[in-house]
2 protein chains.
Amino acid sequence: MEFKHHTAVTLAEVAEAAGVGESTVSRVLRNHGSFSKKTRDRVMEAVERLGYVPNRIAGTLASAGSRLVAFVIPSLSNIVFPDVLRGASSVLEANQHQAVFSVTDYDAEREEALVAAMLAWRPTAVMLAGFEHTEGTVKRLRASGCRVVEMLDLDGTALDLAVGLSNRSAGRTSADFLLKRGYRRIGYVGHDLDRDTRARKRFGGFCEALGAAGFALVDREICAGGSSVESGRLGLERLLARSSLDAVYFSNDDMALGGYFHCLARGISIPSQLAIFGYNGLDIGRVTPQPLSTIRTPRVETGRVAAELVVTDAPPQVVDLGFELIEGATA
Amino acid sequence: MEFKHHTAVTLAEVAEAAGVGESTVSRVLRNHGSFSKKTRDRVMEAVERLGYVPNRIAGTLASAGSRLVAFVIPSLSNIVFPDVLRGASSVLEANQHQAVFSVTDYDAEREEALVAAMLAWRPTAVMLAGFEHTEGTVKRLRASGCRVVEMLDLDGTALDLAVGLSNRSAGRTSADFLLKRGYRRIGYVGHDLDRDTRARKRFGGFCEALGAAGFALVDREICAGGSSVESGRLGLERLLARSSLDAVYFSNDDMALGGYFHCLARGISIPSQLAIFGYNGLDIGRVTPQPLSTIRTPRVETGRVAAELVVTDAPPQVVDLGFELIEGATA
DNA sequence: ATGAAAGCGCTAACAA
DNA sequence: TTGTTAGCGCTTTCAT
């Protein structure tokens with residue numbers, strides 16, 4: 001396949017072809033200002049004939065905002081962030097905005113570098129996960145004057161806009177549920193808490209609620225290598241090898257599913273021998289032989305609301321989307 | 001939180017502050033052309049002091065490529081496309097490119113509209129799924145002169161670059177495997193084949209291989225509402241209600257997992273009573289009590305290779321990344 | 001209703 | 001090694 005290296009058609013060429021001025025073409029294309037129907041038709045005909053595609057790079061430079069929204073997210077491996085992007089994407093596309101993204105891999109330094117790179121595109125807004133950023137990130141964001149949305153967390157101070165839920169509260173709710181159900185020897189299986197600050201907050205809330213009720217976590221297993229179904233399965237195996245427990249709280253549904261599979265494979269009956277509790281409320285947890293007990297988080301809606309706030313240029317605010325306890329059958 | 005509406009610092013201001021010309025600042029910043037160490041230090045000092053962030057909108061307009069790579073993908077619900085984005089994202093970030101994306105929801109008309117919107121940003125490349133596009137999409141892409149990468153399919157004619165695997169061949173391999181294992185009464189549970197052309201090609205290859213061996217598909221169930229674990233579970237239930245089968249081929253692992261859960265819940269023993277076969281080789285299938293029999297696809301690598309071809313401006317070519325049969329224990 | 005012209009912030013010759 | 005200047009393709013006054 002051969003590509004001719006012809007420079008793209010410009011607005012000036014369209015104007016020439018239509019026999020009108022450049023500004024007239026611009027007005028017609030943006031349907032802004034006044035022009036006669038006849039002029040409109042001639043312009044549109046020329047646009048069609050030449051296959052003109054407006055250059056938004058030039059348009060943005062000449063006028064106001066870029067209508068580019070930058071997502072700087074921790075990961076794409078877990079379905080959580082794709083879900084957020086999905087919610088945002090539909091709103092952005094409907095409002096002629098474009099989503100740009102990059103992945104930090106839960107590294108705050110990397111987040112700073114990526115935010116800096118994003119700001120060079122003069123985005124309308126930068127969407128981040130959570131409240132924990134480096135000083136440099138905050139400084140650059142502030143200086144940029146662009147909107148900032150911190151998503152999926154509410155435990156902290158927002159820079160501008162925040163949309164999500166309280167992870168601490170979700171952790172507490174989880175603990176209260178397990179205690180109410182009568183579980184007492186409770187353990188935890190999670191992934192790297194240093195990097196995933198939201199998982200850390202859930203764990204904090206969970207332990208806090210146990211403590212408030214006069215109990216304490218019996219044991220915990222932190223899996224290296226991030227969150228995954230496999231980590232969850234191996235983590236639970238290691239935990240059970242050394243502690244006798246009647247319930248385990250997992251850092252999320254992926255990990256919990258791994259634990260669930262471990263029990264199925266070993267013939268550990270759920271929940272009578274061991275209860276399992278997750279976080280996120282993934283669809284798959286509704287379809288397992290026993291529905292997973294977990295907390296459903298508003299991931300798609302977080303993306304949607306975040307995007308709406310941005311396209312409507314809403315004033316600074318914090319939107320609590322809450323979460324929902326799913327009793328399920330594993331606890 | 002209050003944002004001062006100060007216009008961002010420009011290169012001209014930096015030049016002024018550093019007491020040098022604009023082009024000198026430009027050279028220093030891009031480390032291109034020559035300048036003295038002393039000049040460099042003065043410029044960098046001014047950049048730091050003023051908090052200057054280069055404007056890539058202006059830079060792109062003034063010079064060559066945008067270093068923007070546009071992904072127009074069918075979906076974000078299935079982990080397949082996030083995996084591709086993940087593979088691409090690491091390469092792009094390492095090469096100072098940015099990823100822009102939008103979601104077609106498996107709609108070719110929508111793809112055309114989104115491609116058109118993307119082209120307005122004069123991207124370095126447009127990354128698409130598969131070979132089936134509207135005429136308008138092809139025309140616009142050709143006219144744009146930008147690179148095009150069609151991903152995750154090889155059964156068809158590439159516009160420019162193509163990276164992925166043959167779905168038809170994957171379907172054939174799946175059928176051959178089931179036949180070799182001795183299964184004869186084989187059914188299919190899939191999602192909307194009209195929109196997901198790659199799933200359709202797999203199904204085509206599967207039936208073709210059955211036919212070549214003198215057999216035929218006994219029954220099939222097409223689930224409305226797209227691919228999901230739940231669809232797979234319900235689809236298998238409906239299929240088994242009307243046909244006696246010894247093996248079922250699913251359109252992908254999500255669907256197959258649903259089928260697997262159905263069997264677990266109903267006490268249908270796998271694979272003796274019913275064999276299950278999927279597609280994708282998701283990690284979760286390695287951790288279920290019985291590992292899922294499936295085909296592993298190079299999703300992350302597809303993204304990685306696609307991005308590498310683009311950043312190196314490779315000549316038009318087709319890269320077959322192949323696939324791997326995972327025997328598993330469900331067939 | 002329409003056109004001319006001045007930028008938007010940068011890069012890339014071209015001079016000096 | 002450094003500065004000057006002419007665009008890049010568009011939007012936006014401001015005239016007409």
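To find a chain, count down the sequence lines: A is the first, B the second, and so on, and within it residues start at 1.
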How long is the line joining CZ of Arg40(B) and P of dT1(D), in whole Å? 14 Å
For Ala12(A), check side-chain contact (heavy atoms from CB on, under 4.5 Å) against everything at least two apart and list the hits. Thr10(A), Glu22(A)
To the nearest 10°, give me the bend of the helix from dA1(C)-dT16(D) to dA16(C)-dT1(D), comparing the axes of its five terminal pairs at either end. 40°
Hey, is the side chain of Thr24(A) poking within less than 4.0 Å of OP1 or OP2 on dT2(C), counting only N and O atoms? no
Rounding to an integer number of Å, can you tell me how far Phe35(A) CZ sits from dT2(C) C1'? 12 Å
Atom NZ of Lys38(A) to atom C1' of dT2(C): distance rounded to whole Å? 12 Å
Do the non-hydrogen side-chain atoms of Thr137(A) and Val72(A) ever get within less than 4.5 Å of each other? no
Greater than 12 external heavy atoms within 6.0 Å of Glu16(B)'s CD: no
Atom CZ of Arg122(A) to atom C1' of dG9(C): distance rounded to whole Å? 9 Å
Hey, are Lys38(A) and Asp41(A) close enough for a salt bridge, meaning a charged N less than 4.0 Å from a carboxylate O? no
Check each residue of residues 41-63 of chain A for a non-hydrogen atom within less than 4.0 Å of any atom in DNA chain C, then write out the ones that pass by number, or none. Leu61(A), Ala62(A)
Taking atom P of dG3(D) as reference, at what distance in whole Å does atom CZ of Arg27(B) sit? 8 Å
Rounded distance in Å - CG (Leu29(A)) to P (dT12(D)): 13 Å
Given Glu111(B), Glu112(B), Arg140(B), Glu109(B), the one that forms side-chain hydrogen bond (donor to acceptor under 3.5 Å, both in side chains) with Thr134(B): Glu112(B)
Look at all strands and tell whether Ser23(A) reaches a base, only sugar-phosphate, or nothing, counting heavy atoms closer than 4.0 Å. base
Test Leu161(A) against every option in Val319(A), Val148(A), Val149(A) by the side chain to side chain contact (heavy atoms under 4.5 Å, CB included) rule and name the one that passes. Val149(A)
Consider only side-chain N and O atoms of Glu308(B) and Thr312(B), and report whether a donor and an acceptor are under 3.5 Å apart. no
Roughly, in whole Å, what's the span from NE2 in His32(A) to P in dC10(D)? 17 Å
If you check every side-chain atom of Leu11(B), which of dT2(C), dT11(C), dC10(D) has the closest atom? dT11(C)
The single option from Asp196(A), Asp153(A), Asp155(A) that satisfies salt bridge (Lys or Arg N to Asp or Glu O under 4.0 Å) with Lys201(A) is Asp153(A)
What is the distance from CD of Glu16(B) to P of dG9(C), rounded to the nearest Å? 15 Å
Does Ser36(B) reach a base, just sugar-phosphate, or nothing at all? Heavy atoms under 4.0 Å. sugar-phosphate
Tell me whether the OP1 or OP2 atom of dT11(C) has a side-chain N or O from Arg30(B) closer than 4.0 Å. yes
Glu45(B)/Arg49(B) ion pair, N-O < 4.0 Å: yes
Of Gly33(B) and Glu22(A), the one whose closest nucleotide on DNA chain D sits nearer the 5' end is Gly33(B)
Does dT11(C) have OP1 or OP2 sitting under 4.0 Å from an N or O in the side chain of Ser26(B)? yes
Considering only side-chain heavy atoms of Ser34(B), which listed nucleotide, dT2(C), dT1(D), dC10(D), is closest? dT1(D)
Take atom CZ in Arg40(B); do more than 12 heavy atoms of anything else shown fall under 6.0 Å from it? no
